[in-house]
Amino acid sequence: MDHLKLISNTCMLQHVRAAARRVTDHYEKALKPTGLTASQFTTLVAIARFRDPPITMLAERLTMDRTTMTRVLAPLQRRGLVSQNADAQDKRMRRLSLTPDGISLLREAEAIWDGVQAHMLEKLSPEVWEEMRDQLAKLT
């Protein structure tokens with residue numbers, strides 16, 4: 001039984017997943033008016049940031065497998081927020097870009113993100129978050 005207590009109190013998997021669920025809940029509740037999930041929001045941000053990324057590169061950057069990436073992209077494409085086009089040099093490669101509606105919704109969601117991020121940083125300090133982010137990066 002002592003070993004189970006040790007696992008319960010120290011398990012990295014358990015604690016990181018619990019924190020991830022709570023943080024995700026905060027962001028998803030805030031983003032609800034946009035109709036975006038947290039995964040969809042981070043996907044739009046990454047598409048805008050990396051400017052027309054190939055699907056495979058985007059999946060790698062977001063640490064998703066290609067199947068999960070495809071599932072996240074499908075509703076974004078149905079809503080007309082993201083378009084998928086063949087690469088100019090390699091027609092087999094598919095590149096993603098935001099549509100004008102995607103850009104507009106991302107701007108709206110960014111303003112919401114600013115508020116949620118500030119709220120979350122009140123729970124920690126920016127310095128603690130920076131250290132946590134650096135430490136978490138070692139795991140990914």
Discussion item. Check whether Thr99 reaches the backbone of Gly80 with its side chain - one donor and one acceptor, N or O, closer than 3.5 Å.
Written reply: yes
Fill in: Interatomic spacing from CG in Leu44 to CD in Glu110 - rounded to 0.5 Å
10.0 Å
Fill in: Distance (rounded to the nearest 0.5 Å) between Ser83 OG and Leu73 CG
11.0 Å
Response to the item:
Of all heavy-atom pairs linking Glu28 and Ser39, the shortest is OE2-N, 4.5 Å
Worksheet item: Within the distance-only criterion (no hydrogens, no angle test), does the side chain of Thr24 pair as donor or acceptor with the backbone N or O of Ala20 below 3.5 angstrom?
Response: yes
Practice prompt. Can you measure from CZ (Arg94) to CG (Leu96) and round to the nearest 0.5 angstrom?
Written response: 9.0 Å
Discussion item. Do Val45 and Ile103 sit in one hydrophobic cluster, given that two such residues count as connected whenever their side-chain heavy atoms are within less than 4.5 Å of each other, even indirectly?
Written reply: yes
Worksheet item: Just by distance, with hydrogens left out, do Ser104 and Asp101 show a side-chain donor and acceptor under 3.5 Å apart?
Response: no
Worksheet item: What's the shortest heavy-atom distance between Pro75 and Gln40, and which atoms?
Response: CG-NE2, 3.2 Å
Worksheet item: Are Leu139 and Leu62 joined in one hydrophobic group, where the rule is that I, L, V, M, F, W and Y side chains link up if heavy atoms are under 4.5 Å apart?
Response: no
Worksheet item: Given side chains that start at C-beta, do those of Met93 and Ile55 come closer than 4.5 Å, heavy atoms only?
Response: no
Discussion item. Side chain to side chain contact (heavy atoms under 4.5 Å, CB included), that's the test. Do Thr67 and Thr70 meet it? Break it down for me.
Written reply: CA-CA 5 Å; Thr67 304; Thr70 300; 5.7 Å; no
Discussion item. Run Thr140 and Thr63 through side chain to side chain donor-acceptor pair (under 3.5 Å) and show every step you take.
Written reply: CA-CA 8 Å; Thr140 58; Thr63 50; over 6 Å; no
Worksheet item: With a 4.5 Å heavy-atom cut-off, do Gln84 and Gln77 have their side chains touching?
Response: yes
Practice prompt. Would you indicate whether the side-chain heavy atoms of Ser97 and Val82 approach each other to under 4.5 Å?
Written response: no
Worksheet item: Short question: side chain of Arg95, backbone of Asp52 - any donor-acceptor pair under 3.5 Å?
Response: yes
Worksheet entry | Within 6.0 angstrom of Arg133 CZ, more than 12 heavy atoms from elsewhere | yes
Discussion item. If hydrophobic clusters are built from ILVMFWY residues whose side chains come within less than 4.5 Å, do Val16 and Val128 share one?
Written reply: yes
Worksheet item: Do Trp113 and Trp129 sit in the same hydrophobic cluster, where Ile, Leu, Val, Met, Phe, Trp and Tyr count as joined when their side-chain heavy atoms come under 4.5 Å apart?
Response: no
Worksheet item: Does some side-chain heavy atom of Arg61 sit less than 4.5 Å from a side-chain heavy atom of Met57?
Response: yes
Worksheet item: Which pair of non-hydrogen atoms, one from Thr37 and one from Leu31, has the smallest distance, and what is that distance?
Response: O-CD1, 4.3 Å
Practice prompt. Give a yes or no answer on whether the side chain of Ser8 reaches the backbone of Leu4 with a donor-acceptor pair at less than 3.5 Å.
Written response: no
Practice prompt. Please test Arg21 against Arg17 for side chain to side chain contact (heavy atoms under 4.5 Å, CB included), starting from the C-alpha separation and ending with a verdict.
Written response: CA-CA 6 Å; Arg21 281 191 291 272; Arg17 286 184 63 142; 3.7 Å; yes
Worksheet item: Just by modelled atom types, is the Asn9 backbone N or O under 3.5 Å from a matching donor or acceptor in the His15 side chain?
Response: yes
Fill in: Note, Leu36 side chain near Leu81 side chain (heavy atom, < 4.5 Å)
yes
Item to complete: Would you kindly confirm whether Leu136 and Leu13 end up in one hydrophobic cluster when ILVMFWY residues are joined by side chain heavy atoms under 4.5 Å apart?
Response: no
Worksheet item: What pair of heavy atoms forms the shortest contact from Leu6 to Thr10, and how long is it?
Response: O-OG1, 2.6 Å
Discussion item. Would you say that Phe41 contacts Leu106 through its side chain, given a criterion of any heavy-atom pair below 4.5 Å between the two side chains?
Written reply: yes
Worksheet item: Are the side chains of Leu76 and Thr43 in touch, meaning some heavy atoms are under 4.5 Å apart?
Response: yes
Worksheet entry | Lys138 side chain reached by Asp134 side chain, heavy atoms, under 4.5 Å | no
